[in-house]
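Everything numeric here is computed off the predicted structure, so don't read it as measured data.
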Amino acid sequence: MESIGHPYPPPKYVMLSHNHGSLRPPPYRRNVPRYPSKRSSSSCFKCMCCCYCFLFFITVLLLSLIFFFHAKYKPQIPSYKVDSFSVQAFTFQSDMSLFTEFAVTVKAENPNEHISFIYGEDSEIIISYTGSNLCYGKLPAFYQPRKNTTMINIALAGTSPFGSGLQAALMENRHTGRIPLLVTVYAPVNVVVGNFKLRRIKVYVNCTLVIDNLQPNKKVGILSSKYDYSVAI
């Protein structure tokens, strides 16, 4: 008996998974782990190297500019000295306050050959005794050229509370002939290098002064003085 041939070829076999014939991987299968590529690590390392090189270059450039500025202009800090001190008024009031009026001459020296200074208007001077402020004043606004010495005349006045304890201490100092005072100076200053005016800075001067008397209209002798300077931007 002849076998009857099939007109179509048999279908190909397809293996089905256990999730009802779906071709997607079952949920319990693990994904293939991904590892960071060596190329991204190398890029981060190159970026860090560039940043460090840039910082090193900026540091070297700033140090070179500072060295050049110092070598060419040879900057020096100006000096200040209380040249004279006189008492116009020193009176105890009935309300336990003290009225004082002083006249002070400050000698300002600029030793620089290429640097000048512009002193602004918003300055302040305070004279105090054992922590109590006695009087107040201001520096005049002025321009100090190179290699210059300027005598600054300053008038100070003020009324301050002054208890019996401070009066007794002051009387004892006046008896010994050694009266300690603190002169505090604040001044806004512009530094001028050549013809270029730089940013304004704040100059602070503390002068610890010892004088021999506080009698009005009598010559006051300066027995000792000590100066401390600081600068802020």
Side-chain angles (χ1 to χ4, degrees), residues 73-91 97-162 179-233:
Y73 295 104
K74 299 177 181 179
Q76 300 180 59
I77 299 175
S79 63
Y80 306 92
K81 179 183 177 182
V82 177
D83 189 70
S84 66
F85 191 103
S86 62
V87 180
Q88 309 296 329
F90 193 89
T91 308
S97 63
L98 175 66
F99 173 72
T100 54
E101 190 175 349
F102 298 151
V104 179
T105 301
V106 176
K107 182 180 181 180
E109 293 188 61
N110 178 15
N112 294 278
E113 295 184 0
H114 306 282
I115 300 174
S116 54
F117 300 97
I118 300 175
Y119 291 82
E121 296 180 352
D122 300 326
S123 62
E124 185 179 34
I125 301 178
I126 302 174
I127 296 181
S128 58
Y129 171 77
T130 64
S132 298
N133 296 337
L134 299 180
C135 53
Y136 306 86
K138 294 181 63 175
L139 283 172
F142 69 98
Y143 168 75
Q144 186 174 27
R146 311 160 192 171
K147 300 291 288 184
N148 172 265
T149 299
T150 301
M151 307 300 289
I152 310 170
N153 297 316
I154 307 163
L156 303 99
T159 301
S160 57
F162 219 72
I179 303 170
L181 298 175
L182 177 63
V183 182
T184 304
V185 181
Y186 157 73
V189 180
N190 285 101
V191 180
V192 182
V193 180
N195 295 322
F196 297 96
K197 183 169 72 171
L198 304 182
R199 180 180 177 180
R200 175 169 290 188
I201 60 175
K202 302 173 184 177
V203 177
Y204 298 90
V205 182
N206 286 336
C207 172
T208 304
L209 202 65
V210 178
I211 58 178
D212 60 358
N213 74 87
L214 282 171
Q215 297 183 24
N217 303 318
K218 183 178 179 180
K219 184 178 180 180
V220 177
I222 299 174
L223 303 179
S224 66
S225 58
K226 180 182 178 181
Y227 300 88
D228 294 317
Y229 304 93
S230 62
V231 176
I233 299 176

**OP:** Walk me through it: do T150 and N148 pass the test side-chain hydrogen bond (donor to acceptor under 3.5 Å, both in side chains)?
**Re:** CA-CA 6 Å; T150 301; N148 172 265; 2.6 Å; yes
**OP:** Any chance you could lay out the side-chain contact (heavy atoms from CB on, under 4.5 Å) test for I125 and V183, step after step, and finish with the verdict?
**Re:** CA-CA 7 Å; I125 301 178; V183 182; 4.1 Å; yes
Subject >> I201 and V191: CA distance, side-chain angles, deciding distance, side-chain contact (heavy atoms from CB on, under 4.5 Å) verdict >> reply: CA-CA 8 Å; I201 60 175; V191 180; 3.9 Å; yes
Subject >> Intermediate values then yes/no, side-chain contact (heavy atoms from CB on, under 4.5 Å), I211 and L181 >> reply: CA-CA 8 Å; I211 58 178; L181 298 175; 3.6 Å; yes
Original post:
Yes or no on side-chain hydrogen bond (donor to acceptor under 3.5 Å, both in side chains) for N112 and R146, after CA distance, side-chain angles and deciding distance?
Top reply: CA-CA 6 Å; N112 294 278; R146 311 160 192 171; over 6 Å; no
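Atom CG of L223 has more than 12 heavy atoms from other residues, nucleotides or ligands within 6.0 Å.
Closest of all the heavy-atom pairs between F102 and A89 is CE2-O, 4.4 Å. Between T100 and L134 the shortest heavy-atom distance is OG1-O, 3.0 Å. Of all non-hydrogen atoms in G158 and C135, the two that sit nearest each other are N-CB, 3.6 Å. The minimum heavy-atom distance linking E109 with T149 is given by the pair CG-OG1, 3.7 Å. Between E121 and A141, the shortest heavy-atom distance links the atoms CG-CB, 3.6 Å.
In this structure, a donor-acceptor pair under 3.5 Å is absent between the side chains of T208 and N206. Side-chain contact annotation: S86 with Q88, donor-acceptor N/O pair under 3.5 Å present.
Between F142 and Y119, the ring planes lie parallel to each other; the angle is under 30°, not in the 30° to 60° tilted range.
The shortest side-chain heavy-atom distance between Y227 and K81 falls under the 4.5 Å cut-off. L209 places a side-chain heavy atom less than 4.5 Å from the side chain of I222. Looking at S225 and V82, their side chains never come closer than 4.5 Å, going by heavy atoms from C-beta outward. The side-chain heavy atoms of Y129 and P180, taken from C-beta on, include a pair separated by under 4.5 Å. Using a 4.5 Å heavy-atom threshold, the side chains of I179 and D212 count as separate. Contact check for N213 versus V220: side-chain heavy atoms found under the 4.5 Å cut-off. Side-chain contact check for L98 versus T159: every heavy-atom pair is 4.5 Å or farther apart. You'll find the side chain of Y186 stays beyond 4.5 Å of the side chain of V203, heavy atoms only.
The structure places CZ of F162 at 11.0 Å from OG of S97, a figure rounded to the nearest 0.5 Å. Here the OG1 atom belonging to T105 is positioned 6.5 Å from the CG atom belonging to D83, to the nearest 0.5 angstrom. If you take OG on S128 and CG on L182, they are separated by 4.0 Å, rounding to the nearest 0.5 Å. The distance from atom CD1 of I127 to atom SG of C207, rounded to the nearest 0.5 Å, is 9.0 Å. For the atom pair S123 OG and K202 NZ, the distance stands at 14.0 Å (nearest 0.5 Å). From K147, atom NZ reaches atom CG of N110 across 8.5 Å, with rounding to the nearest 0.5 Å.
In this structure a side-chain-to-backbone donor-acceptor pair under 3.5 Å is present from Q144 to A108. Side chain of T91 to main chain of F99: no donor-acceptor pair is present (N/O by atom type, distance under 3.5 Å, no hydrogens or angles). In this structure, K197 contributes its side chain and N190 its backbone to no donor-acceptor pair below 3.5 Å.
Shown are V189, V106, V185; of these, the side chain to side chain contact (heavy atoms under 4.5 Å, CB included) with L139 is made only by V185.
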